[in-house]
Amino acid sequence: MSKNPAKKIEKLQYFGEFGGINPSISDSSTYTFLTAKSMSDTFEGNTDGCYLYSRHTSPSNLYLSQALAAMEGYESAHVTGSGMGAITGVLLQLCKSGDHIVSSRTIYGGTYAFLKNFTPGLKIETSFIDITNLKSVENAINENTKVLYCETVSNPLLEVADIKALSLLAKKHNLTLVVDNTFSPLAITPISQGADVLIHSLTKFINGSSDTIGGVVCASEEFINELKDVNSGACMLMGSTMDSFRSASILKNLRTLPIRIKQHSKNALYLAGKFEQDGIKTVYPGLKSHPSHEVYNSMCNQEFGYGGMLTIDAGSLDKANELMEMMQNENIGYLAVSLGYFKTLFSAPGTSTSSEIPEDEQKQMGLSDGLIRFSIGLDNDIESTYDDMRKCLKAVGIL
Ligand SMILES: *Cc1c(COP(=O)(O)O)cnc(C)c1O
């Protein structure tokens, strides 16, 4: 079997029931059983080959789950109605009252808010640390710690987690290493570095058309079955299920992920290099100036590059806002949160996706007011895009 994650998706072949080249969509919330006994067996957890009810799973959800499990190299996967549905399900499955989590402090704003504001009410406490400082990670671990949580490439600061080193720490202290790989599908395969459980928001690059919300958990078959357990599974019981129609459409979009990621990465590398040459403070894992450039290189599947996300510092929030409005007026991209769209998207994280993080903590972690996060699009001619961006940068006085 090829090690290439793109090849693993290509190898999967599903046909529709009439020989359609796309699998049929399961248009049912419930499923018949041929015998009453097989229904009661299924409720007792022996669901082999049987579908029960679509909150548990559906044929369409299984197709997409299998494809994502194959891409990420895990035994199994479970698709959810959103990335947050995957994250909250995993963390509440792994942690009960009295347990403790060690998490990177630069993570998606929603995940941060969940761990900071919501789980303490369930007596699950979290220590937020600088994930690139392994000493402070280890110091934060205590006897109640169950989970080590990070993003491969973090939102929005683009810090890179040394997953191999973190997995050694996790093993040493008997923790589950949970990694959110939303920013780096195909480019980094965290299981090869020892990640135990992997999460994606499918809403972003994997679906790639900004038309739906979705998520996935990839893990061992045992853990996925726990999440789906009818009596005790967090995903099953909290109901963060994906709809079959969405599974089917995301599976079709997944087919073009390899060529999209290559183009996002190529365009972002070009722009990051130009911005840096122009003297603008630029953060991109593909730049030699990125503090974790070598760590990224040690983990990545080279052909998929450094991803589509970069940040620049416009100096102040006013300048950032002025620049973003101008770039939108010039049709360079959209002033919008989210990422992975064909068109460039930009936002100021401090006042948008990371606004859940208090201002003083934002400062502490290096999240400046003028920070603009870009999700670079699939532009066919990135050089002319750069020329257009340069005009805007000049007009607002950043250049
Ligand atoms: C968007 C995002 C999430 C949340 O996903 P939703 O699909 O919006 O629920 C989680 N992690 C990261 C890194 C994200 O960018």
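Every number for a ligand or one of its atoms is a count from 1 in the order of the listing.
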Sequence neighbours excluded, which residues qualify as ring-ring contact (aromatic ring centres under 6.0 Å, His included) partners of Tyr108?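 Checked Tyr108 against ring-ring contact (aromatic ring centres under 6.0 Å, His included); zero matches.
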Can you give me every donor-acceptor pair (side chain of residues 132-142, partner residue at least two apart or in another chain, under 3.5 Å) with its distance?
unit_1 : atom_1 : unit_2 : atom_2 : d
Thr132 : OG1    : Asp130 : OD1    : 2.7
Asn133 : OD1    : Lys135 : N      : 3.2
Asn133 : OD1    : Ser136 : N      : 3.2
Ser136 : OG     : Asn133 : O      : 2.9
Glu138 : OE2    : Lys172 : NZ     : 2.7
Glu138 : OE2    : His173 : NE2    : 2.8
Asn139 : ND2    : Lys135 : O      : 3.4
Asn142 : OD1    : Asn144 : N      : 2.7
Asn142 : OD1    : Thr145 : N      : 3.2
Asn142 : OD1    : Thr145 : OG1    : 3.2

Relative to the ring of Tyr386, is the ring of Tyr270 parallel (under 30°), tilted (30 to 60°) or perpendicular (over 60°)?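 The rings of Tyr270 and Tyr386 stand perpendicular, inter-plane angle above 60°.
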If you draw a 6.0 Å radius around CD in Glu75, do more than 12 non-hydrogen atoms from other residues or ligands fall strictly inside?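 Yes, CD of Glu75 has more than 12 neighbouring heavy atoms, counting only those of other groups under 6.0 Å.
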Distance-only donor-acceptor pairs under 3.5 Å for side chains of residues 184-196, two or more places apart:
unit_1 : atom_1 : unit_2 : atom_2 : d
Ser184 : OG     : Asn181 : OD1    : 2.7
Thr189 : OG1    : Asn301 : ND2    : 2.9
Ser192 : OG     : Thr189 : O      : 2.7
Asp196 : OD2    : Leu177 : N      : 2.8

As a test of reading the model: which N/O atoms of the protein lie under 3.5 Å from N/O atoms of ligand 1, and at what distance?
unit_1   : atom_1 : unit_2 : atom_2 : d
ligand 1 : 5 (O)  : Ser201 : OG     : 3.0
ligand 1 : 7 (O)  : Gly83  : N      : 2.9
ligand 1 : 7 (O)  : Ser201 : OG     : 2.8
ligand 1 : 7 (O)  : Thr203 : OG1    : 2.6
ligand 1 : 9 (O)  : Gly83  : N      : 3.0
ligand 1 : 9 (O)  : Met84  : N      : 2.8
ligand 1 : 11 (N) : Asp180 : OD2    : 2.6
ligand 1 : 15 (O) : Lys204 : NZ     : 2.7

If the threshold is 4.0 Å, N to carboxylate O, is there a salt bridge linking Lys274 and Asp278?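 Salt bridge flag = no for Asp278 with Lys274.
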